[in-house]
There are 2 protein chains.
Amino acid sequence: MLSLVEENYLKTIYHLSEGGREQVSTNAIADAINTKPASVSDMIQRLDRKGVINYTKYQGVKVTGEGQEAALKVIRKHRLWEVFLVEHLNFSWDEVHEVAEQLEHIKSPLLIERLDAFLGHPKVDPHGDPIPDAKGVIRAKPQQPLQQLTVGSQGVIRAVKDSSPAFLQHLDKLGAYLGARVKVIETVDFDNSMQILIDRTTPVFISNQVAENILVEESE
Amino acid sequence: MLSLVEENYLKTIYHLSEGGREQVSTNAIADAINTKPASVSDMIQRLDRKGVINYTKYQGVKVTGEGQEAALKVIRKHRLWEVFLVEHLNFSWDEVHEVAEQLEHIKSPLLIERLDAFLGHPKVDPHGDPIPDAKGVIRAKPQQPLQQLTVGSQGVIRAVKDSSPAFLQHLDKLGAYLGARVKVIETVDFDNSMQILIDRTTPVFISNQVAENILVEESE
DNA sequence: TAGAATATTTAGATTGATCTAAAAATAATT
DNA sequence: AATTATTTTTAGATCAATCTAAATATTCTA
């Protein structure tokens, strides 16, 4: 059984290692969790003893299978609560996080399964991040900035990073919306802009900034 | 700012002093909170320093005004969460408590006001206990077993202690339901049974056991 | 590759929350 | 009122989580 603080460390380490890095460094954890490296050093030794991470002195840590399972449970709770807060309590995207940070530590398997059912088993949270199921399996495909798609590949718009009125209005003008299909026709190396097809209609140009802020789920 | 543990102590002390006792003893707190008197002794000195209780050595403690306010906030949260769990997540009365014990410590005024609105500003929780408003004011009148009403007094059925199908069916047969008006016509000393009027119709007899399990809000 | 810079760990302290054992105060009883 | 029993408090330890300062490793760079 992990304490609230241990859960937070584990979750942070899991997130840090998502970015591809094999071993997560002490300093990176300290930065992310807003604490001192000395405290992290202590804690990762404790988490190693508990079997949720593998720790080798001076070489950073790596989440174990057991650790991943535990981390995904916390992440599942966090994201389900976010859906609840936004869809039923009228929270906006930016108000949601710190409350979900607290709610994610409530311990009750029954609660979380009932909440999941109440919400209609959502697959993604309000930020577009996938919600693992009770077994830790992530069904939704990971989302990536449209910018990263290559010529010829297709996807569906699932979320936006920037939710300012200016940006949303621009999307509207382009004919882009959540759920719209997009296909990359051409990319321009010079300025990283791209030409895309939205819902198989006429091609439109979008700038690098716009493409970075549209999250798509790749298909095929 | 109180810690989670301090909140639990304060809430417990508040509840213990509800039962009329002026000064709450160290041992009573230890019993209620399932801890040792020595730990309580430490803690009540800390709570005294924080101004939420008044402590005099060997004489027990008393909640201050500030303390009462803090305790009522926690109780408000607990009871609102109970309403949510029962009405929206299909929890039964007995499954609710330990989850609400955790949820009551979530710190977010916005969350609790939004939850309150979402639930339709309920005045009582699923056990019939009153929910204080945001300022700590209790609007609902306290509920008592129908058994305790005297001849001639009236009330409204607000809750039941026993929620077994057998009991609920019996109530149905009597014509009793949540919100029904009742008036006590006669009480029988011998077996503590009583004759009551439900919604001003024909009088019915109910046994001691039934009268104990119906909670009413007295009126007039 | 040697020295400098950076990252990491250890040592030692502190705070919150708890415990056991012993001391002190209050309450009960003969 | 004196003694006994009970309650409460204090003293001293322990564990989780954190910190600062110092020691040790690793990495970078000239």
Side-chain angles (χ1 to χ4, degrees), chain A residues 1-14 16-17 19 21-63 67 70-71 74 101-102 104-107, chain B residues 1-14 16-17 19 21-63 67 70-71 74 101-102 104-107:
Chain A
M1 178 105 303
L2 300 178
S3 76
L4 188 150
V5 176
E6 288 167 343
E7 279 189 353
N8 276 334
Y9 270 89
L10 180 58
K11 186 188 60 166
T12 301
I13 295 168
Y14 176 83
L16 287 171
S17 57
R21 269 174 300 291
E22 261 296 292
Q23 300 289 122
V24 179
S25 77
T26 301
N27 261 7
I29 300 167
D31 276 5
I33 235 162
N34 218 344
T35 185
K36 302 294 162 190
S39 309
V40 174
S41 214
D42 261 4
M43 181 55 88
I44 58 184
Q45 291 173 50
R46 189 132 46 96
L47 290 176
D48 178 82
R49 265 177 262 128
K50 292 206 171 186
V52 292
I53 61 177
N54 285 324
Y55 163 68
T56 26
K57 259 194 188 176
Y58 294 103
Q59 300 311 136
V61 299
K62 193 172 167 348
V63 178
V74 177
E101 283 292 300
Q102 297 179 60
E104 74 187 7
H105 300 292
I106 302 292
K107 281 170 181 44
Chain B
M1 176 103 309
L2 300 179
S3 75
L4 188 150
V5 176
E6 288 167 345
E7 279 189 353
N8 277 334
Y9 270 90
L10 180 59
K11 186 188 59 167
T12 301
I13 295 167
Y14 176 83
L16 288 171
S17 59
R21 269 174 300 291
E22 260 297 292
Q23 298 289 121
V24 179
S25 78
T26 301
N27 263 6
I29 299 167
D31 276 5
I33 235 164
N34 218 344
T35 187
K36 303 291 162 194
S39 308
V40 173
S41 213
D42 261 5
M43 182 56 87
I44 58 185
Q45 291 173 51
R46 189 132 45 96
L47 290 175
D48 178 82
R49 266 177 263 130
K50 291 206 173 187
V52 292
I53 62 177
N54 285 324
Y55 164 67
T56 26
K57 260 193 192 180
Y58 294 102
Q59 300 312 136
V61 299
K62 194 171 167 348
V63 177
V74 177
E101 282 293 299
Q102 297 178 60
E104 74 188 6
H105 301 292
I106 301 291
K107 282 170 180 45

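Lettering of chains follows the sequences in order, A, B, ..., and the numbering in each one begins at 1.
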Yes or no on side chain to side chain contact (heavy atoms under 4.5 Å, CB included) for A:Thr35 and A:Tyr9, after CA distance, side-chain angles and deciding distance? CA-CA 11 Å; A:Thr35 185; A:Tyr9 270 89; 3.7 Å; yes
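The two residues A:Val24 and A:Ile13 make their nearest non-hydrogen contact at CG2-O, 4.0 Å. Here the shortest heavy-atom pairing between B:Asn8 and B:Ile33 reads O-CD1, 3.9 Å. Taking each heavy atom of A:Thr26 and A:Pro37 in turn, the nearest pair found is CG2-O, 3.6 Å. Considering all non-hydrogen atoms of both residues, B:His105 and B:Glu101 come closest at CD2-O, 3.0 Å.
At a non-hydrogen distance threshold of 4.0 Å, nothing from residues 1-14 of chain A comes into contact with DNA chain C. Residues of residues 36-44 of chain A having a heavy atom closer than 4.0 Å to DNA chain D, listed by number: A:Lys36, A:Ala38, A:Ser39, A:Asp42, A:Met43.
Shown here are the salt bridge (Lys or Arg N to Asp or Glu O under 4.0 Å) partners of B:Lys36, two or more places apart in sequence or in another chain: there are none. Qualifying salt bridge (Lys or Arg N to Asp or Glu O under 4.0 Å) partners for B:Lys62, counting only residues two or more places apart in sequence or in other chains: none. With sequence neighbours left out, A:Glu6 forms a salt bridge (Lys or Arg N to Asp or Glu O under 4.0 Å) with A:Arg46, A:Lys50.
Judged purely by atom type and a 3.5 angstrom limit, A:Gln102 has no side-chain atom pairing as donor or acceptor with the backbone of B:Ile106.
Checking the phosphate oxygens (OP1, OP2) of D:dT8, a side-chain nitrogen or oxygen of B:Asn27 falls inside 4.0 Å. Regarding contacts with the backbone of C:dA7, every side-chain N or O of A:Ser25 stays at 4.0 angstrom or more from both OP1 and OP2.
Residue B:Ile29 holds its CD1 atom at 10.5 Å from CE of B:Met43, rounded to the nearest 0.5 Å. We find the OG-CG distance between A:Ser25 and A:Leu16 to be 8.0 Å, quoted to the nearest 0.5 Å.
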Quick test: give all pairs of protein nitrogen or oxygen and nucleotides 23-29 of chain C nitrogen or oxygen below 3.5 Å, distance rounded to 0.1 Å.
residue, atom, partner, partner atom, Å
C:dA25, O4', B:Tyr58, OH, 3.3

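The nearest whole Å value for the distance from the CD atom in B:Gln45 to the P atom in C:dG16 is 14 Å. The CG atom of B:Asp48 sits 16 Å away from the P atom of D:dT8 (whole-angstrom rounding).
For the pair A:Asn34 and B:Thr26, both in contact range of DNA chain D, the more 5′-proximal nearest nucleotide belongs to B:Thr26.
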